[in-house]
Amino acid sequence: MIKAILRQDCPDDETARQVLHAALEREIDVLVYCAVILGIGEAPAMERAAAWLDMAYFDVVPRNLSGSSAPVRLDALADIKCFRVMVLDIDVLFCAPDFSNLLAMKAYRRRHPALARQVCLVPASALRAYLVNACSSALIDGARQNLARRWPYAAAQLELTRPARWLFVSGLLVLLGAVILMPFLGPSVLGLLVLAMLAVPAAIRLAAIRHALVTPVAAAPEPIPDAELPVYSVLIPLRNEAHMVPQLQRAMAALDYPADKLDIKFVVEARSAATLVAVRQLLDDPRFSLVPVPEALPLTKPKALDFALPLCRGQHVVVYDAEDTPDPGQLRLAAARFRAEPDIECLQAELLIDNGRESLLTGLFAGEYAGLFGVMLPALAAWGLPVPLGGTSNHFRVSTLRALGGWDAFNVTEDADLGMRLARMRYRIGVLASSTQEEAPIRLKTWMNQRTRWLKGWMQTFIVHNRSPLRLYKEMGLVPMLVFEFLVLGMIVAPLLHCAFLLTLVGRLALGLPALPDTPLSWQVLYLGVFALGHGAVMAQTLLGLHRHRRYHLMLQQLALPFYWLLIAFAALRAVRELLDRPFHWAKTEHRPILSRRRHRHRSGTAPAPQVAPVYSAAGKLTP
């Protein structure tokens, strides 16, 4: 059969034996080896196999066939190799067999000639496309309901009720009122709570800084030979981003991973017609496949990911966004970490901003990411505390992700929510010594919409996971629960408190009052000390994150952080309004291709920042 598939490329039996041995050494199916590694292509390889069997072959499975029905087990959808339907009153089995099954079919065909009228071969991609169409209703239902079935007490669609949202907003207003009135009314219990909400996250940041400075660099895991690497699925959700597809194709093609073990899925909203067309032009590459997501509420990224999750063929899965350019070796490194540390269920790669020089806004954004992904998250992961994952470049074991119910389709920061659910299951999260290049928003409007969505999602996450505090305590444990409460609430409240503090200061000066309230000196020192601690910890974390990648050119811009927090405070107020009026609205972030960003830099007279490794001493510690 190998000679029949390769034709002129396999002139004799010896060449066929060499191909067979090569496929067996790589531990992959011979048909896949011929199609992917030898470049025959999936459809031509299956067509030639059908001719060798003297059986029918179709490029696609005909749609709207009578008697067709969807498979019962959606979680096994990616493993289905055949599908039975009625064609002109004949029961026909459409199948995409592997090499061994083709050999078995040949033997069976000799004994049962009627088999040729009952079986039709199709490419595996065509079979999967038909199954997606046949199961679209069930897949959409699963995307919206699986989490609610698995976590009925921690799903946004069930727990984010209007009374719960109003209660959260009311509490937020009370806290802000306490800050504004503290200088006039003096110390209070609420005031102490507000100070604690600033002091505890600051203390965690300072501890994370120390962790980054004193912790040796972990040794790289033992590389996995190509033959032993698992199949790796890559999900790339897209909506109205046809202009980003060529860049994504180049980034995915650059991945240093065996092509026959890559399962790269472009998950595209069905209403994004131009994006669908752009992706279909890539489908001659057997690594790529298209998953059109039918239009259905909510129109969110996590719903699209949940729709595609049952179709993943890999043992592991990673999510990349439209503008992402991951390190070529990221998948190999993640697979090696998963094998070396079987207790790790999720790995978060570091996100680096590649356009930090473009403006003050992008420089501040780059500093924020450097501190978060380079300093804070590694410390939280090392301590076994809840990790608010990034929205991209997070790697999972597929079995674990399915057991968790996937992503929350109704949460607009599905990454942070998933990190909390992993913590509730006491699953271990690790960080990956690999980076993914991303773009920071260049327009204030784009940045504001994105930040509003993030803050609204953190509010959703805080409300949902606190609907049953006792259950949260039992599942997560006391210390992780407290860290979750202070960190997530701190991300929401700290910018607002910063803004309220400044407004109070300005208001007192405008009224001719002393800047500080007429309270004992100890309280004045406490107030100023806590605010200075909070600001100083954020600044130190940011500068250390930038230092790790020698981005010294961005350090001076960080002096504008207080004004950046004012912008975040305004985004938080918008998020509060959206939480009440449009809790599940997803504000789409606009992206630009790398070439467009480079042209902008060239016109502005700047060059892209060099990407270098973090600076470590010979002892394996981060140098100051």
Side-chain angles (χ1 to χ4, degrees), residues 1-6 9-10 13-46 48-49 52 75-82 95-107 121 123-125 127-128 220-235 252-265 285-289 311-318 328-342 344 347 395-402:
M1 182 174 68
I2 294 175
K3 292 173 65 176
I5 293 174
L6 297 180
D9 296 323
C10 186
D13 291 345
E14 179 58 30
T15 304
R17 279 192 290 270
Q18 291 175 2
V19 170
L20 177 62
H21 290 156
L24 293 176
E25 284 180 357
R26 295 176 66 99
E27 298 184 8
I28 63 172
D29 182 65
V30 179
L31 193 65
V32 174
Y33 183 85
C34 294
V36 179
I37 305 302
L38 300 183
I40 301 299
E42 183 185 49
M46 188 62 74
R48 296 173 187 181
W52 178 74
D75 59 342
L77 207 57
D79 301 322
I80 293 176
K81 300 293 184 183
C82 56
C95 61
D98 57 20
F99 184 74
S100 60
N101 284 328
L102 286 169
L103 295 177
M105 290 173 69
K106 182 72 169 181
L121 271 59
S125 58
L127 185 65
R128 289 194 296 269
E222 188 72 23
I224 302 177
D226 283 9
E228 299 177 22
L229 283 169
V231 176
Y232 219 113
S233 292
V234 178
L235 296 181
M252 296 301 104
L255 291 174
D256 177 22
Y257 208 82
D260 53 288
K261 296 186 176 182
L262 273 178
D263 172 36
I264 301 173
K265 299 186 182 299
D285 187 328
R287 293 171 294 182
F288 300 148
S289 61
L311 307 171
C312 290
R313 297 186 290 111
Q315 182 178 336
H316 309 306
V317 62
V318 61
Q330 189 172 117
L331 300 191
R332 280 185 180 271
L333 181 60
R337 281 286 304 278
F338 278 126
R339 171 181 283 195
E341 302 176 68
I344 284 184
L347 288 166
H395 302 249
F396 303 93
R397 299 184 192 272
V398 170
S399 58
T400 298
L401 193 52
R402 288 175 176 167

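One is the number of the first residue; the rest follow in order along the sequence. The basis for the numbers below is simple: all heavy atoms, side chains too, and nothing from hydrogens, waters or symmetry mates.
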Chemist: Give a yes or no answer on whether the side chain of S233 reaches the backbone of G314 with a donor-acceptor pair at less than 3.5 Å.
Modeler: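 Side chain of S233 to backbone of G314: a pair is present.
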Chemist: I'd like to know whether L31 forms a side-chain contact (heavy atoms from CB on, under 4.5 Å) with M46, so could you lay out the CA-CA distance, the side-chain angles of the two residues, the decisive distance to 0.1 Å, and finally the verdict.
Modeler: CA-CA 8 Å; L31 193 65; M46 188 62 74; 3.6 Å; yes
Chemist: How about I5 and V30: do any of their side-chain heavy atoms sit closer than 4.5 Å?
Modeler: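 No, side chains not in contact.
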Chemist: State, to 0.1 Å, how close A336 and P221 come at their nearest heavy-atom pair, and which atoms those are.
Modeler: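 In this case the closest contact between A336 and P221 is CB-CG, 3.7 Å.
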Chemist: Just so I know, are the side chains of R48 and C34 near enough to count as touching, which here means a heavy-atom distance under 4.5 Å?
Modeler: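 They are not in contact (no side-chain heavy atoms under 4.5 Å apart), so the answer is no.
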Chemist: Which label fits Y257 and Y232: parallel for a plane angle under 30°, tilted from 30 to 60°, or perpendicular past 60°?
Modeler: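 Ring orientation of Y257 relative to Y232: perpendicular.
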Chemist: Before giving the answer on side-chain contact (heavy atoms from CB on, under 4.5 Å), spell out for L331 and V234 the whole-Å C-alpha distance, their side-chain angles and the decisive distance to 0.1 Å.
Modeler: CA-CA 10 Å; L331 300 191; V234 178; 4.1 Å; yes
Chemist: Between D226 and P258, which heavy-atom pair has the shortest distance, and what is it?
Modeler: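 The pair with the smallest heavy-atom distance is CG-CG, 4.0 Å.
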Chemist: So, for I40 and A45, which heavy atoms are closest and what is the spacing to 0.1 Å?
Modeler: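 Heavy atoms only, the tightest pair is CG2-N, 4.0 Å.
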Chemist: For residues A334 and L347, report the shortest heavy-atom separation together with the two atoms involved.
Modeler: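 Closest pair (atom of A334, atom of L347, distance): O-CD1, 3.8 Å.
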Chemist: Looking at CZ of R128 and NZ of K265, how far apart are the two atoms once the value is rounded to the nearest 0.5 Å?
Modeler: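 Rounded to the nearest 0.5 Å, the CZ-NZ separation comes to 5.0 Å.
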Chemist: So does F338 get a backbone contact from the side chain of R397, meaning a donor-acceptor N/O pair under 3.5 Å?
Modeler: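 Checked: pair present.
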Chemist: State whether the side chain of K261 and the backbone N or O of I28 hold a donor-acceptor pair below 3.5 Å, judged by distance alone.
Modeler: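 Not confirmed, K261 side chain does not pair with I28 backbone.
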Chemist: Side chains of I264 and D285: closer than 4.5 Å at any heavy-atom pair?
Modeler: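 I264 does not reach D285 side chain to side chain.
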Chemist: So do H395 and R337 actually touch side chain to side chain, heavy atoms under 4.5 Å?
Modeler: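 A side-chain contact under 4.5 Å is absent here.
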Chemist: Considering only heavy atoms from C-beta outward, does the side chain of V317 approach that of L401 to under 4.5 Å?
Modeler: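 A side-chain contact exists here, since the closest heavy-atom pair is under 4.5 Å.
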Chemist: About how many Å separate CG of D263 and CG of L235, when rounded to the nearest 0.5 Å?
Modeler: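 Here the interatomic distance stands at 8.0 Å.
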Chemist: Kindly give the heavy-atom pair with the smallest separation between A335 and P230, and that separation in Å.
Modeler: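 Reported closest heavy-atom pair: CB-CD, 4.1 Å.
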Chemist: With heavy-atom distances below 4.5 Å as the criterion, would you say the side chains of C95 and L121 are in contact?
Modeler: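 The answer is yes; the side chains approach within 4.5 Å.
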Chemist: Under 4.5 Å between any side-chain heavy atoms of R339 and I224, yes or no?
Modeler: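 With C-beta onward as the side chain, the pair touches.
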Chemist: Can you tell me how far CG of L6 sits from CG of L38, rounded to the nearest 0.5 angstrom?
Modeler: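 One gets 6.0 Å once the value is rounded to the nearest 0.5 Å.
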Chemist: Would a distance-only check, ignoring hydrogens and angles, find a side-chain to backbone donor-acceptor pair under 3.5 Å from R332 to D256?
Modeler: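 Present.
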Chemist: What distance separates F396 CZ from R402 CZ, expressed to the nearest 0.5 Å?
Modeler: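 CZ of R402 is found 13.5 Å from CZ of F396.
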Chemist: For residues 22-45, which residue pairs qualify under salt bridge (charged side-chain N to carboxylate O under 4.0 Å, His left out), counting only residues two or more places apart or in two chains?
Modeler: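 Sorted pair list: R26-D260.
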Chemist: Say you draw a straight line from CZ of F99 to CD1 of I2; how long is it, rounded to the nearest 0.5 Å?
Modeler: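 That separation rounds to 4.5 Å.
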